[in-house]
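Residue numbers begin at 1 in each chain, while the letters A, B, ... track the order of the sequences.
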Protein chains: 2
Amino acid sequence: MKRVTIGDVATHAGVSTATVSRVINGGVVAEATATRVWDAITSLEYSPNALTKSIFAGRSSTIGVVIRDLSSPFYLDLIRGIDEVAAANDSLVMLANTFRRDDRETAQVRAMDEQRVRGLIVTTGVTADSHTRRMADNGTPCVIVSRIVPGMHSISLNNVRAGELMAAHLAACGRTSVGVVTASRRPSQIERVQGLSARAVTVAETTEDVPDAVDALLGGNDRLDAIVCTSGRLTAAVHSALTGRGIAIPDDIAFLAVDEFPWAEALGVTVIAQPTYDMGRKAAELVIECPDEPVSLVFEPALIARTSCGEVSS
Amino acid sequence: MKRVTIGDVATHAGVSTATVSRVINGGVVAEATATRVWDAITSLEYSPNALTKSIFAGRSSTIGVVIRDLSSPFYLDLIRGIDEVAAANDSLVMLANTFRRDDRETAQVRAMDEQRVRGLIVTTGVTADSHTRRMADNGTPCVIVSRIVPGMHSISLNNVRAGELMAAHLAACGRTSVGVVTASRRPSQIERVQGLSARAVTVAETTEDVPDAVDALLGGNDRLDAIVCTSGRLTAAVHSALTGRGIAIPDDIAFLAVDEFPWAEALGVTVIAQPTYDMGRKAAELVIECPDEPVSLVFEPALIARTSCGEVSS
DNA sequence: TTGAAAGCGCTAACAT
DNA sequence: ATGTTAGCGCTTTCAA
């Protein structure tokens, strides 16, 4: 069960470990020696130890990703984008989910630091920021996603614009009394609501809170003609709360959501889409390129009009 | 930018590196010394290098996961299950997507081997099996998901039963002429079709192939009264191909899919659900427990009846 | 209870 | 072109 080491290969090929290392990493070696070494490598099924290699490089070749909530549709494409860039750069992706728990967020960031990841991409809340910043100070390129943090790289959406886009679309569809279900007091959520100038706003932390939130909206003083959900994580819950109450979309109430999802087309749900995949790619590229000055990239949202707001086809 | 090492801590605390190591890993140390060391650790912001640690342990504490296609709804919950168990065992998850390309599959498995992962969970095709087996032989606990491979740990679904469940349900709904869209010649797909005893079967490798596949089914000699899609990855495409052709579900044709997805409820799509999350947990537990004899766990599918097959409420 | 010293598997000067 | 040697940051005997 003992692992084959570079030393075994060296002995088998009758050379020194240095030569084996050179063969593997492309140094100057005589053709004949190289062949002997490769033969030894294959016949012994030698697999180099990336961990030990990393010790010399000072850090590993892995990109760390800390995700707050893997169940949000936003993240799958983000990860895909990151993964693709990583694969193109011979990096692997180390993933950690924090289940929306602050203590796990700091723990996971710390774990990534201990793993000496090549770079770190996080979608954490503010709690983990001090740890992340410390990592950045120690030379690990860190990218914050979905939030702008001064002095650090960040990838985010123009959330105010997203709100405005929604407001404009709703207005164009003749809806004037808008109710909002929003996820939390995170900046991104707040900004979206800001651009929205809504009549009523309720907060639902989890999907379990959604039915109550929807009831609150529906039972308010204003008679609403549109409901928007600013969190992709809650969209399904809001939608089914609405239809479950016998509300017809868009005849009774218009429905507008943030974040594209695979079934939006089938359901005719109009959404604000983030260029999630590109954001993931960009985040990974930032890690690879590792610019000296903090760069803060803001992506523009796009409205994908379907039928849930009572759109009239042009 | 030089990283703080255990040596720096030792100097700062006026002890040897051995003592620092003992303090961190819980050896026998005098209380007073321990305090001094902890003070040094915090004041220097020392972060232990997990890579170096791993080279002593022989392997890292990370669990490797190689996923064939991150876009399939099946995998998010699988990853969540794995991640949860990993987190509970102080492990991180290293994720690699292979984009359904055989060459990338072997490359990623090899990469995981080089990373000396604590264990490996793969949903790859057969191409990577020889590599995976080699890893297993070298002492890395490996778990194959979605396929049974002799001599190796595996987690899979009772696919034949899934097919039978579908057939029975369709029959109960009075549907007798069933057409199937299946994804590929992978065993899991074939077994599902087996249990199904369908009138017509077409294969769609990717979502792009789906429209043609559906046309082939619809244009066949038999007049079908049910379409089932045996691949979660293709469900959305099949559904929209159907509705896009003006076909009413379930009035014109019943629709039945494999793999639960967040919007199934909203759309009323009847599905065969896999206990994906539990499968992920079990896979990770297998990696942690590392049983000597190969264990092959087969999970049972469950039908979630909604309305897409013209179900009559009891 | 602690320190000195010998590794873990590999790379990178420096010789030859 | 190749071998020798000294590390990388840490753990782990073995003495003291």
(request) Heavy atoms of chain B, cut-off under 4.0 Å: which first and last nucleotide of DNA chain D, 5' to 3', fall inside that, if you could look? (result) D:dG9 to D:dT12
(request) Extract, from 5' to 3' on DNA chain C, the first and final nucleotides lying under 4.0 angstrom from some heavy atom of chain A. (result) C:dG9 to C:dA13
(message) Testing the 3.5 Å rule here: is there a donor-acceptor pair between the side chains of B:Arg233 and B:Thr206?
(response) no
(request) Using side-chain contact (heavy atoms from CB on, under 4.5 Å) as the criterion, list what pairs up with B:Thr123, not counting sequence neighbours. (result) B:Ile67, B:Arg68, B:Tyr75, B:Leu78, B:Val145
(request) Measure the SG-CD distance between A:Cys290 and A:Glu285 for me, rounded to the nearest 0.5 Å. (result) 14.0 Å
(request) Scan B:Val15 against the nucleic acid and name what it touches under 4.0 Å (heavy atoms): base, sugar-phosphate only, or nothing. (result) sugar-phosphate
(request) Could you verify whether a donor N or O on one side chain and an acceptor N or O on the other, from B:Thr62 and B:Arg118, lie under 3.5 Å apart? (result) no
(request) Hey, could you give me the SG/CG distance between A:Cys142 and A:Leu120, rounded to the nearest 0.5 Å? (result) 5.0 Å
(message) If you define the side chain from C-beta out and look only at heavy atoms, does anything of A:Leu51 sit under 4.5 Å from B:Ser60?
(response) yes
(request) Check for a donor-acceptor pair, side chain of A:Thr33 on one end and backbone N or O of A:Val29 on the other, with a separation under 3.5 Å. (result) no
(request) Among residues two or more places apart or on two chains, list those pairs meeting side chain to side chain donor-acceptor pair (under 3.5 Å) that have a residue in residues 93-102 of chain B. (result) B:Asp69-B:Arg100, B:Thr98-B:Glu105, B:Arg101-B:Asp103, B:Asp102-B:Thr127
(request) Give the angle between the helix axes at the two ends of the helix from C:dT1-D:dA16 to C:dT16-D:dA1, taking five base pairs at each end and rounding to 10°. (result) 40°
(request) Strictly below 4.0 Å, heavy-atom distances to any atom of DNA chain D: list the hits from residues 25-43 of chain B, or just say none. (result) B:Asn25
(request) Compute whether any side-chain donor of one residue and acceptor of the other, for A:Arg59 and A:Thr140, lie under 3.5 angstrom apart. (result) yes
(request) Could you tell me whether the side chain of B:Val65 reaches within less than 4.5 Å of the side chain of A:Leu95, counting heavy atoms only? (result) no
(message) Can you see whether B:Glu114 engages A:Asn49 through a side-chain donor-acceptor pair at a distance of less than 3.5 angstrom?
(response) no
(request) Determine whether the side chains of B:Ser296 and B:Ser154 contain a donor N or O and an acceptor N or O closer than 3.5 Å. (result) yes
(message) Any carboxylate oxygen within less than 4.0 angstrom of a Lys/Arg side-chain nitrogen, looking at B:Arg80 and B:Asp77?
(response) yes
(request) Would you classify A:Thr5 as touching base, sugar-phosphate or nothing, given that sugar-phosphate means primed atoms plus P, OP1 and OP2, and contacts are heavy atoms under 4.0 Å? (result) sugar-phosphate
(message) Closest-nucleotide mapping onto DNA chain C: is B:Thr17 or A:Gly7 further toward the 5' terminus? I mean the 5' end.
(response) B:Thr17
